[in-house]
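Here is how names work: the chains are called A, B, and so on, in the same order as the sequence lines, proteins then strands, and each is numbered from 1.
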Amino acid sequence: MKIFDTLTAKEKELDVTGTVRIYLCGVTVYDESHIGHARTIIVFDTLRRFLESQGIKVKFIQNFTDVDDKIINRAKEENISPLELSSKFITRYFEDFDRLNIKRATEHPKATDNIPEMIELIKDLIDKNYAYASKNGIYFSVSKFKEYGKLSKKRIEDFISGARIEVDETKNDPLDFALWKFADDQPNWPSPWGNGRPGWHIECSAMSLKYLGENFEIHGGGRDLIFPHHENEIAQSESHTGKNFAKIWMHVGMVTINGEKMSKSLGNTKSIDHVLKNWGPNIIRLFCLSGHYSKPIDYSEEILKETIVKWHQVENCYAELNSPEKDGSVRPSRFSEFFMKKVDSIKQEFNDALNSDFNIPLAFNAFFRLVKEVNNFAASQDISQLFAKNIVPAFETMLEILGLRISKISDEERNTINELIKKRNEFREQKQYQKADEIRKQISNMGIVLIDHKNKTLLLKQEKMGTES
RNA sequence: GGUGAGGUGGCAGAGCGGCUAUGCGUUCGCCUGCAAAGCGAAUCUAUAGGGGUUCGAAUCCCUUCCUCACCUCCA
């Protein structure tokens, strides 16, 4: 599999000979997560699902930043302790992302559980003369790391001309960033240099090293983390180990709204709770994967509505595959064999697309073609069990990789509805259509849409969705 | 101002030197007692503008214009 590496600006072959180790920068837990966070996480969740579907072992680490000024300030506002606040939003995080059908990472380490590791790392950086103590804390000396700027393609001179850097008398160089900040207020931890808290970047260096070791396969996050976060991580980690930090840097494009980046500071975010209520998990996943991961996608009602249409096709396909005729009453073999070849090539296309820099839009293409082929086939003749048995695995594998889940109809529901359908059919035979339609409406109130075929009626359970309110 | 990524049909979105994906939409049909469902066909022949290179460019080079992101916390 090839993935575009931000650092070298080239596609690189992912080494899958051993366990693929992935580190994803998670969220700072001081507020609800929004669909921008969701996109990055969905992309990585899907990547992980894809690798695992190929039998590749994945160790996936995603952290929580649970110590930060924003958390402290917010906690003050709400009159609770920072720890209470962060744990509340960690709980919220899991609720939201479980609903989005995101698999749990192998580990979700918290910054506050790894303070000793960070202190060790800082000690080593001081020993190696990359860091120094000043009045307000311990700082990393950017000028000591010759390759600083290699990820974000910036030159140190550019920063100075940018003139947006705060002048801080206590630092040797305006670019230097904090590894440890002295603090007396809560929370703080003792360190060889005095009580305080870690800087933002050091946690990821420490935790990735602890959980994944040196030179792991993929480090990812949103594009907005390239600078300064990932740049600083590189400086710290490579100064410490003397080795390359991550083999591949994979960055996910922003979610925009009206063409503008969605972010807390702009106040234009859509929370996961909000989008889930309006659109449901499948639509959101499909939407988040609708463009190439590296490019921005724009959140808009129009596009979400288009996505619903596509999803209905998928649901329909599923209903067709799961209501095969009792047996091979259909003389299927020849046509089915021909069809099976198509399915194989679709599967191939799907995998090829994902192997080529995780080109999900192209993979979708293959997936939706399968859906269309099945729907098409079902329109002209009944699907036999044999046929379904052969298609379903491919269909379900793709659904599984994409993290999509179709609502299932329970047996009880099915039984109740089948009774109603029987009645409805009687009315239909008697041409009492009004009464028949009443029953249909009754069923639709249960969230089930009926699709009449010549000699049978399919049940289709649709999620409730759709508008931006 | 600096750096990076882009500008593809009504919309979304691939392709990244030749065979001009795909989906949605729209139109007209089919199916149906009807249908918000399903199917078919047609439609749109697009590649920001201007220069090149080439037998041939959306794809390479130059240039102009525009958009977005980063340069401050941010997924």
Side-chain angles (χ1 to χ4, degrees), chain A residues 6 9 24-28 30-31 33-44 62 65 68-70 149 151-155 157-166 175 200 220-229 231 251-256 259-266 269 287-288 290-292 294-298 300 302-303 305-310 312-313 315-317 319-320 349 353 356 359-369 371-372 375-380 427-434 436-437 440 444 449-454 457-458 460 462:
Chain A
T6 310
L24 208 216
C25 285
V27 294
T28 302
Y30 74 105
D31 203 349
S33 299
H34 58 72
I35 191 166
H37 303 118
R39 154 121 111 146
T40 300
I41 291 156
I42 287 170
V43 165
F44 276 86
Q62 187 188 161
T65 299
D68 172 90
D69 285 348
K70 273 187 290 212
L151 181 72
S152 55
K153 316 276 185 275
K154 290 181 192 310
R155 277 183 278 163
E157 306 89 80
D158 295 337
F159 289 109
I160 294 149
S161 66
R164 277 172 100 170
I165 300 150
E166 248 178 82
L175 283 178
W200 176 31
R223 288 208 90 82
D224 53 353
L225 292 186
I226 293 174
F227 190 89
H229 187 52
E231 194 72 70
H251 289 104
V252 178
M254 296 293 103
V255 175
T256 61
E260 243 187 354
K261 180 180 167 184
M262 188 181 281
S263 74
K264 290 269 168 56
S265 39
L266 288 168
T269 60
F287 166 72
C288 285
S290 66
H292 188 92
S294 64
K295 290 186 179 175
I297 50 170
D298 200 56
S300 81
E302 194 193 347
I303 292 167
K305 280 189 170 156
E306 275 185 24
T307 310
I308 289 178
V309 173
K310 288 185 189 173
H312 283 340
Q313 292 174 348
E315 286 177 320
N316 187 71
C317 173
E320 294 287 358
E349 266 178 59
S356 164
N359 194 334
I360 303 178
L362 208 56
F364 268 170
N365 233 188
F367 175 65
F368 283 112
R369 209 166 70 246
V371 168
K372 248 198 141 87
N375 288 342
N376 182 310
F377 188 88
S380 62
F427 285 129
R428 286 171 78 200
E429 270 168 38
Q430 295 160 19
K431 295 199 199 290
Q432 298 196 41
Y433 295 123
Q434 223 169 344
D437 287 349
R440 181 162 63 189
S444 114
V449 176
L450 298 183
I451 298 168
D452 292 330
H453 277 32
K454 267 182 199 140
T457 300
L458 286 193
L460 196 144
Q462 286 190 339

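- For the pair A:K305 NZ and B:rA36 C1', the computed distance is 14 Å after rounding to whole Å.
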Listed pairs, N/O of protein and of nucleotides 3-8 of chain B, under 3.5 Å:
| unit_1 | atom_1 | unit_2 | atom_2 | d |
| --- | --- | --- | --- | --- |
| B:rU3 | O2' | A:K153 | O | 3.0 |

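- Atom P of nucleotide B:rC68 and atom CE of A:M254 are separated by 15 Å, given to the nearest angstrom.
- Both the sub-6.0 Å distance and the 45° axial angle are satisfied by A:K264 relative to the ring of A:Y30.
- Applying the salt bridge (Lys or Arg N to Asp or Glu O under 4.0 Å) rule to A:D69 yields the partners A:R197; only residues at least two apart in sequence or on another chain are considered.
- The ring-ring contact (aromatic ring centres under 6.0 Å, His included) test applied to A:F287 returns A:Y299, not counting sequence neighbours.
- The side-chain hydrogen bond (donor to acceptor under 3.5 Å, both in side chains) check on A:S263 picks up A:S265, with sequence neighbours excluded.
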Footprint string (nucleotides 20-34 of chain B, 5' to 3'): B base within contact, S backbone only, - free, heavy atoms under 4.0 Å: -BSBS--------BB

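- In terms of the salt bridge (Lys or Arg N to Asp or Glu O under 4.0 Å) criterion, residue partners of A:R369 (sequence neighbours excluded) are, by chain and number, A:E349.
- In this structure, A:N359 does not reach the B:rG13 phosphate: none of its side-chain N or O atoms is under 4.0 Å from OP1 or OP2.
- Annotation: B:rG13 and B:rU53 have their P atoms spaced 35 Å apart (nearest Å).
- Among the atoms of the strands shown, none is found under 4.0 Å from any heavy atom of A:L24.
- For the salt bridge (Lys or Arg N to Asp or Glu O under 4.0 Å) test, residues two or more places apart in sequence or in another chain that qualify with A:K261 are A:D224.
- Looking at the side chain of A:N376, the nearest of the listed nucleotides B:rA37, B:rA75, B:rC39 is B:rC39.
- In terms of the ring-ring contact (aromatic ring centres under 6.0 Å, His included) criterion, residue partners of A:H229 (sequence neighbours excluded) are, by chain and number, A:W200, A:H201.
- With P as the reference atom, B:rG1 and B:rU64 are 13 Å apart, rounded to whole Å.
- Counting non-hydrogen atoms under 4.0 angstrom, A:H292 reaches the backbone sugars and phosphates but no base.
- For A:T40, the side chain to side chain contact (heavy atoms under 4.5 Å, CB included) test picks out A:L24, A:F44, A:V252, with sequence neighbours left out.
- In this structure, A:I297 and A:V371 both approach RNA chain B, and ranking their closest nucleotides by distance from the 5' end singles out A:I297.
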